[in-house]
Asks: 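This is the structure I have questions about; it appears just below.
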Amino acid sequence: MCFSSTEAFAAVNRSGSRPARQEVGEVHYNLGDEAFQPPDSLGYVGGNELDGAVYYPGDLSSGTHPLIMIEHGYWDTCADADASASLNAAQAALAKDEQSGDTADAARQQAIIKADSDRLFAWPCASGVGRIPSYLGYDYLGRELASRGFVVVSIGANGINSTSSGQADTVYQERAALINAQLRMWRQLSSTGKGPLRGGFVDAASGRPSPVDFRNHVDLRDVGLIGHSMGGGGVMQEIADSSRHTWPEGVSVKAAFALAPTATWDVDPVTKTSFAVMWGTCDQVNTGEFFDWNKGANNAPTSQYTVRGGVHDFYNEQWSPSSGQVAAHDDGVPGGEPGTCTSQFPGADASQTDQKELSERQQRRITEDYVGAYFADHLLGRTRYEPYLTGEKSFPGTGGAVTTRYDGGTG
């Protein structure tokens, strides 16, 4: 197994110091690029991969550990650098054509854009072209949570990203169904040591088969979910009242944390499960206002964390510029001064104002703090973190970047 120590960047303990961390192991599995087929009842067309990156406490022997599952959002699926470069050039040329009125060349550039986009969103990817492993973009978060005692599984959704066009009315149900399929496999593995995952793990560093044994060490009655962007919408669909009957037998989702979630198609109410939403003021993606939609109706606590100067892509390392990955970029609209972004957030923090943009590391540190404390509270019962989650206290190093809205629930 691959082990490494993690930085102590999470929530404070009673004395205000950073708590000690366990070492973390990491294994991967892949059962096939189209191993998951949608339930017939959804009417969704297109298979998805069944894979995952698993982060777990180095010592699994100390009883059972709550499971946290992460689902990434909508992004390019194939790391086709040539198609990406051609697409960028065609988009720039199209913009000039539209300004000059050159309709003939505009049509030519649009055809190039369509062809390049098809290459970047293919699934499976063309021979010789690697996939973009968006599910590995939360490595920092998986390690942080595993060091706290959780088993964390970040799953791939490239197949859904490739096939979701034109199926908007079922894409969030499809994402929830994928979560259920993964939870079902983990329930079988944990309870019996059998099922599709048996013998399917490889060491993250060496790629060699790993003997790690999760049997009787993962608690599927104490599950947390994390979703980013459309993955956040899928997670919110999974915990919606209308979806609870689809959870696999023996699985109970206790809490969810959505990072810049897009809205589910029909905004199904969530009245029985605790959740938190985080979004950035410079995030260009239209995120779902799940807190306002369910405020006063949920019998469990809900929270909304607004991060001043935060953007959409920095939650995922693969999508962020420092990765060098195909399609990675800073999605913030540049402000009038270097190091600033233009706020897209309405309300008291008026849109179109310049704000200091957070760095990738700053935004991810804030994410570690809040997500780590949230699940320590909701899945492990460590209530000492509640003042930080309700906004009564601030985490060290946040510099006042986070505004909290909290609803204690009706229960």
Side-chain angles (χ1 to χ4, degrees), residues 1-2 4 24-36 46-56 68-84 117 119-146 151-164 175 178-179 181-182 185-186 197 200-210 226-232 234-235 259-260 312-331 360 364 367:
M1 282 78 71
C2 174
S4 68
V24 171
E26 179 183 355
V27 292
H28 296 173
Y29 61 93
N30 190 335
L31 306 183
D33 287 344
E34 296 178 290
F36 171 71
N48 191 82
E49 65 268 36
L50 282 177
D51 63 3
V54 188
Y55 309 89
Y56 59 95
I68 297 177
M69 188 162 285
I70 306 175
E71 184 176 66
H72 68 80
Y74 183 77
W75 198 254
D76 302 45
T77 57
C78 300
D80 191 327
D82 291 339
S84 181
S117 296
R119 290 166 61 185
L120 289 166
F121 279 90
W123 193 253
C125 297
S127 177
V129 177
R131 62 176 175 168
I132 296 180
S134 291
Y135 74 115
L136 297 181
Y138 311 99
D139 179 83
Y140 70 101
L141 196 51
R143 291 185 172 280
E144 170 61 30
L145 292 167
V151 171
V152 183
V153 183
S154 184
I155 64 175
N158 276 342
I160 293 176
N161 287 345
S162 176
T163 57
S164 61
R175 284 180 166 276
L178 173 63
I179 292 171
Q182 290 272 6
M185 292 194 304
W186 275 93
L197 293 177
F201 298 106
V202 297
D203 179 79
S206 69
R208 293 192 294 268
S210 169
I226 300 171
H228 176 206
S229 193
M230 287 187 73
V235 161
L259 302 170
H312 193 78
D313 294 349
F314 288 1
Y315 293 113
N316 188 304
E317 292 173 316
Q318 290 287 320
W319 302 2
S320 300
S322 64
S323 70
Q325 181 61 268
V326 171
H329 68 288
D330 178 349
D331 64 290
E360 293 180 29
R364 289 198 276 269
T367 305

Asks: Between the side chain of His72 and the main-chain N/O of Ala157, is any donor-acceptor distance below 3.5 Å?
Replies: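 Yes: the side chain of His72 pairs with the backbone of Ala157.
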
Asks: With rounding to the nearest 0.5 angstrom, report the CG to CE distance, Leu197 to Met185.
Replies: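 Here the interatomic distance stands at 4.5 Å.
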
Asks: To the nearest 0.5 angstrom, please state how far the CG atom of Leu50 sits from the CG atom of Asn30.
Replies: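 Taking CG in Leu50 and CG in Asn30, the distance rounds to 8.5 Å.
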
Asks: Have His329 and Asp313 got a donor and an acceptor in their side chains that come within less than 3.5 Å?
Replies: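 A pair is found: one side chain offers a donor N or O, the other an acceptor, under 3.5 Å apart.
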
Asks: Quick one: list whatever passes ring-ring contact (aromatic ring centres under 6.0 Å, His included) with Phe201, sequence neighbours left out.
Replies: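 In terms of ring-ring contact (aromatic ring centres under 6.0 Å, His included), with neighbours along the sequence ignored, Phe201 is linked to Tyr29, Trp186, Phe214.
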
Asks: Mind listing the closest non-hydrogen atom pair of Gly130 and Cys125 along with its distance?
Replies: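 Taking Gly130 first and Cys125 second, the nearest heavy atoms are O-SG, 4.0 Å.
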
Asks: For the residue pair Phe314 and Pro321, what are the closest heavy atoms and their distance?
Replies: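 Smallest interatomic distance, heavy atoms only, reads CE1-CD, 3.6 Å.
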
Asks: Step by step, work out the side chain to side chain contact (heavy atoms under 4.5 Å, CB included) result for Tyr140 and Thr367.
Replies: CA-CA 10 Å; Tyr140 70 101; Thr367 305; 4.0 Å; yes

Asks: Just by distance, do the side chain of Glu71 and the backbone of Ile155 share a donor-acceptor pair under 3.5 Å?
Replies: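 Flag not set: sc Glu71 to bb Ile155 has no pair under 3.5 Å.
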
Asks: Between Gly137 and Asn316, which heavy-atom pair has the shortest distance, and what is it?
Replies: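 Heavy atoms only, the tightest pair is CA-OD1, 3.2 Å.
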
Asks: Starting from the C-alpha separation in whole Å, work towards a yes-or-no answer on side chain to side chain contact (heavy atoms under 4.5 Å, CB included) for Asn158 and Glu49.
Replies: CA-CA 7 Å; Asn158 276 342; Glu49 65 268 36; 3.2 Å; yes

Asks: Is there a donor-acceptor pair under 3.5 Å between the side chain of Thr77 and the backbone N or O of Trp123?
Replies: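 Answer holds: no.
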
Asks: Can you tell me how far the CD1 atom of Ile132 sits from the CD atom of Gln325, to the nearest 0.5 Å?
Replies: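 It is 5.0 Å, given to the nearest 0.5 Å.
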
Asks: Between Leu178 and Ile160, is the side chain to side chain contact (heavy atoms under 4.5 Å, CB included) condition met? List the steps.
Replies: CA-CA 9 Å; Leu178 173 63; Ile160 293 176; 3.9 Å; yes

Asks: Can you tell me if Ser134 and Gln318 form a side-chain donor-acceptor pair at under 3.5 Å?
Replies: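 Not at all, the side chains of Ser134 and Gln318 share no donor-acceptor pair under 3.5 Å.
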
Asks: Is the His228 ring parallel, tilted or perpendicular to the His312 ring (thresholds 30°, 60°)?
Replies: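 Correct class here is tilted.
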
Asks: Indicate whether the side chain of Ser164 and that of Arg175 have a donor and an acceptor atom separated by less than 3.5 Å.
Replies: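 Result is no, nothing qualifies.
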
Asks: Can you check whether Val326 reaches Leu120 side chain to side chain, under 4.5 Å on heavy atoms?
Replies: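 Yes, at least one pair of side-chain atoms sits under 4.5 Å.
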
Asks: Between Gln182 and Asp51, what is the shortest heavy-atom contact and its length?
Replies: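 Minimum heavy-atom separation between Gln182 and Asp51: NE2-O, 3.0 Å.
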
Asks: Using side chain to side chain contact (heavy atoms under 4.5 Å, CB included), reason through Leu259 and Ser229 one step at a time and then give a plain yes or no.
Replies: CA-CA 6 Å; Leu259 302 170; Ser229 193; over 6 Å; no

Asks: Testing the basics here: between Val129 and Cys78, what is the closest heavy-atom pair and its distance to 0.1 Å?
Replies: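 Nearest heavy atoms, Val129 then Cys78: CG1-CB, 4.0 Å.
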
Asks: Indicate yes or no for a side-chain donor-acceptor contact from Ser323 to the backbone of Ser320 under 3.5 Å, with no hydrogens or angles considered.
Replies: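 At least one qualifying donor-acceptor pair exists.
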
Asks: Taking all atoms of both residues into account, what is the closest heavy-atom pair of Ala53 and Leu136, and its distance?
Replies: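 So the two residues come closest at CB-CD2, 3.6 Å.
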
Asks: Side chain to side chain donor-acceptor pair (under 3.5 Å) between Glu360 and Ser322: does it pass, once the steps are laid out?
Replies: CA-CA 8 Å; Glu360 293 180 29; Ser322 64; 2.6 Å; yes

Asks: Partners of Asp80 by salt bridge (Lys or Arg N to Asp or Glu O under 4.0 Å), sequence neighbours excluded?
Replies: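 Asp80 satisfies salt bridge (Lys or Arg N to Asp or Glu O under 4.0 Å) with Arg119 once adjacent residues are dropped.
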
Asks: Any heavy-atom pair between the side chains of Val202 and Ser210 that's under 4.5 Å?
Replies: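 The answer is no, as the side chains (C-beta and beyond) never meet within the 4.5 Å cut-off.
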
Asks: Keeping the roles fixed (side chain from Ser154, backbone from Gly52), state whether a donor-acceptor pair exists under 3.5 Å.
Replies: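 No; zero donor-acceptor contacts below 3.5 Å.
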
Asks: Which residues satisfy the side chain to side chain contact (heavy atoms under 4.5 Å, CB included) test with Val152, sequence neighbours excluded?
Replies: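 Applying side chain to side chain contact (heavy atoms under 4.5 Å, CB included) to Val152 gives Tyr55, Ile68, Ile70, Leu145, Phe150.
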
